[in-house]
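Below: the structure, in structure tokens.
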Amino acid sequence: MYLQLMGLSKSYNNTMAVEDLHLELEKGELLSILGPSGCGKTTTLRMVGGFIPADSGKVILEGRDISLIPPNLRPTATVFQSYALFPHMNVIQNVCYGLKFQKRGKKEMLAQGEEMLEMVGLKHYRNKPVNQLSGGEQQRVALARAMVMNPKVLLLDEPLSNLDAKLRQKMRKEIRDIQKELGITTVYVTHDQEEALSISDHIAVMNHGRLEQVGTPKTVYDSPASRFVAEFIGRINFLAGKGEQISAVRPERITLSEVSGSLPGIIAQKQFTGAYTTYFVRVNDRTVEVDVPSLADREWNPDDAVYLSY
Amino acid sequence: MNSGRHGMGNKLKKGVPFKGTSFSDLLAGLIYVLIAASVLVFILWPSIAIMVKSVYYDGQFTLAEYIKLFTQNKQLLLNSIFVSVFSTVLAVVIGLFIALFVSHSQNRGKRLTFAVLLLTMISPPFVSALSYIMLFGRRGIITYHLLGLTINPYGWHGVVIMQALGHASLAALIILGVLRGIDKSLEQASLDLGADSLRTLLKITIPLAKPGIIAAALIAFIQSLADFGTPAIIGGNFSVLATEAYMNVIGLYNLPRAAAMGTLLMIPALLMFIIYRRTVENSEYFSLRVSTESPLKLSRGVNYSLALVTASFILFQLIQYITILWGAFAKTWGVDFSFSLRHIQAVEASRLAAFGRSLEYALIAALVGTLLGMIIAYMVARKKFPGYRTLDFLVTLPYMIPGPFLGIAYVLAFHNKPLILTGTAFIVVANCIYRQLPISTRAGTAVLTQLNPETEYSARDLGASEITAFKDIILPSLKPAFLLGFVNTFTTTMTTIGAIIFLVVPGSEVATVQMFNAIKTGQIGVSAVLANMIILVTLLINLVFSYFILRSPRYGGREKREETYVPAIDGIK
């Protein structure tokens, strides 16, 4: 394994922020740590980056324990949620800042910085003050500044949370493209399940400082290991099945019919969202969400009686 | 991945030692320890020394000095409190009017007012006392020449008025700082709910400005209490604690008495400070960010009243400066107003030497003191190692200690082994540095709490050591705070007298002490020349320094600079 987190724990004032966390990454892999705020995901990232010392546990990189190496000597690079660009420097000064400490020639430094700026599509902004850039551009500078260090592990802390929805999707793709092209091992912290599903090789879901499940996006979505994971990732209905059994069913796995099905219900409300329409169907005392592709032949309206199949 | 290109990876392979053992981190630790130790030596130790001296001398513990003060010298205490309360109330009221004018009025005079406020911050002490004598004295241009009166101007009236006018600028600047931070939508909401502009001002704006008003009152009060220049010059037979403490050190060399007076001066100041903490720290209804919306539009009547008070204030200040300037060139003030250069010629070598000494002390104190303040701000706001709260408190202490107290305290703390420093230039500079430390540190912490810690993490992450990150990231962001600290420390060192008059020895006086002696011996012309020199040089250096610091256009717009302006606060003026 390329990067291993072995039993990391951290507590603040007797509250466990992270508890006995084990994670492993292959070289070149992108792993997302997904969870609600306060679940310990950022603390985990800070421990990998060396900003917060772990109470116990180890960070192993290429078989070597790096737990005690200070952040300035640790071969990791972080893109912070706030971007943390240096406000008094321009774009290229920001990007080349870390190269100074590697004792390179000035020309070589600039060449590397420019190469990286080109990669993120900001070469023409080379001399612009960073506070004159848009959010997306600042994000790219932060990314370039971390990538130019050629880190062994790239750490991204909710990198897209300050961007609007459209830009978030665009940057998501760009980050993934660059990450794949350079084959850089990456830990990606996010609370956005859609983001995690779309960008990751593996997802680690955390809650209350504990790891709930690790797996490929498909596994985590299709076979959630716990109720928490099922509810946190995507939407889910809990339906009373045969006998005592309760089955968890995603909205898109249910079909509606007016003639036959396993459960009868009444349409309470419908929401058109573009690609599909979500129906809220009252079944006994609960409401079940059902996604029906908007292109389907049949449309229902509130108060229609339907049957649900899954 | 080509790991040969990887700088940090290479370092790693060379076997970089474990955490905290690098040379630069050790150096950083050493710097922190030294700075914390210096705070103990130059703030805590003198404060203890003066209190001890007031109750323990001639080898025994006694409260004799305090008993004497409360029986024989009761009038002194009452005088001090009376003058301070009276002048504080006046100063805050005038300051509030001016601040409201600058923040709310649509008049064009706002910029001029702001400029005059800043200008008055750099006047040396006794400028007001000196001009008071020149305007209202026995041969004063207003009382004698214009009105034909021969009155005795000396007494508490003049002291109260001149202190109030002197402290009004500072009060106005402090209140203005808070007014600017008030969310303008609150005023709009009040109008929307049916209140007129006067009601909104009284019920919303002024209550919201309470933290600023209280802070202004606190500072004006401590300054009045500590001011010995004004009562010494225009008080006549009216004495206060601060003037008597001076007499006891310089004239009678009664150190226990002076120590007891200094300690007493501290008690009301400390009480005020506690009240301030209680009231202000519980109020969280103002933010530091400046709202861009336009302020409440005031009705005509309100607008005119604010403008009237402000205009009178500015007029008075201008008259004061013109008088001083005129006085430098008038042959004999009060008798012969014809143009003459004789006072300028009278400024001989020894006075120039004192002036040079002032400049030298002020530059050193400003550079060293400000850097110290920035590092302490970093230690308090970022490092938060054990004891940082104590450090924060100790650094704030000089803020509430009246000037003479700290002056006398230094005399008592540093005239014995192992730290014999009295009579040296070092002790004068150290006193100026540590007295202004609260301002520099506060300015620094204000900036640092706004700066996202991720920015430093990021520099560390990219390979910077702790010291490098401080130099590359923290210091440049601290520019506005550095400027403020420098301007404040430089200006106060150039213009202060309250504390250092106890520390300078004959033969190595500074400009303000020379000026004080000139006024006391009735050399009005020479005093006026010295006052003008101090004002001009202080102004010039501050402008030059500001220019160099703010020259880089990238960081901080104009608004930002104005916003971070916390006015210079001198213990005594």
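Scope of the values below: all heavy atoms of this structure, side chains included, with no hydrogens, waters or symmetry mates. A, B, ... follow the sequence lines: proteins, then strands. Residue 1 opens every chain. Since we're looking at a predicted model, the values are computed, not measured.
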Looking only at atom types and distance, does a side-chain atom of A:K58 sit under 3.5 Å from a main-chain N or O of A:G7, one as donor and one as acceptor?
no
Go through the atoms of A:Y97 and report whether side chain, backbone, both or neither lie under 4.5 Å from a heavy atom of chain B.
side chain
Applying side chain to side chain donor-acceptor pair (under 3.5 Å) to A:S9 and not counting sequence neighbours gives none
Contact origin within A:L85 toward chain B - heavy atom pairs under 4.5 Å:
backbone
Please determine whether a side-chain nitrogen of the Lys or Arg among A:E108 and A:K103 lies less than 4.0 Å from a carboxylate oxygen of the Asp or Glu.
no
Set of side-chain contact (heavy atoms from CB on, under 4.5 Å) partners for A:E19, sequence neighbours left out
A:M16, A:R210
Part of A:R145 lying under 4.5 Å from any heavy atom of chain B:
both
Part of A:Q81 within contact of chain B (heavy atom distance under 4.5 Å)
both
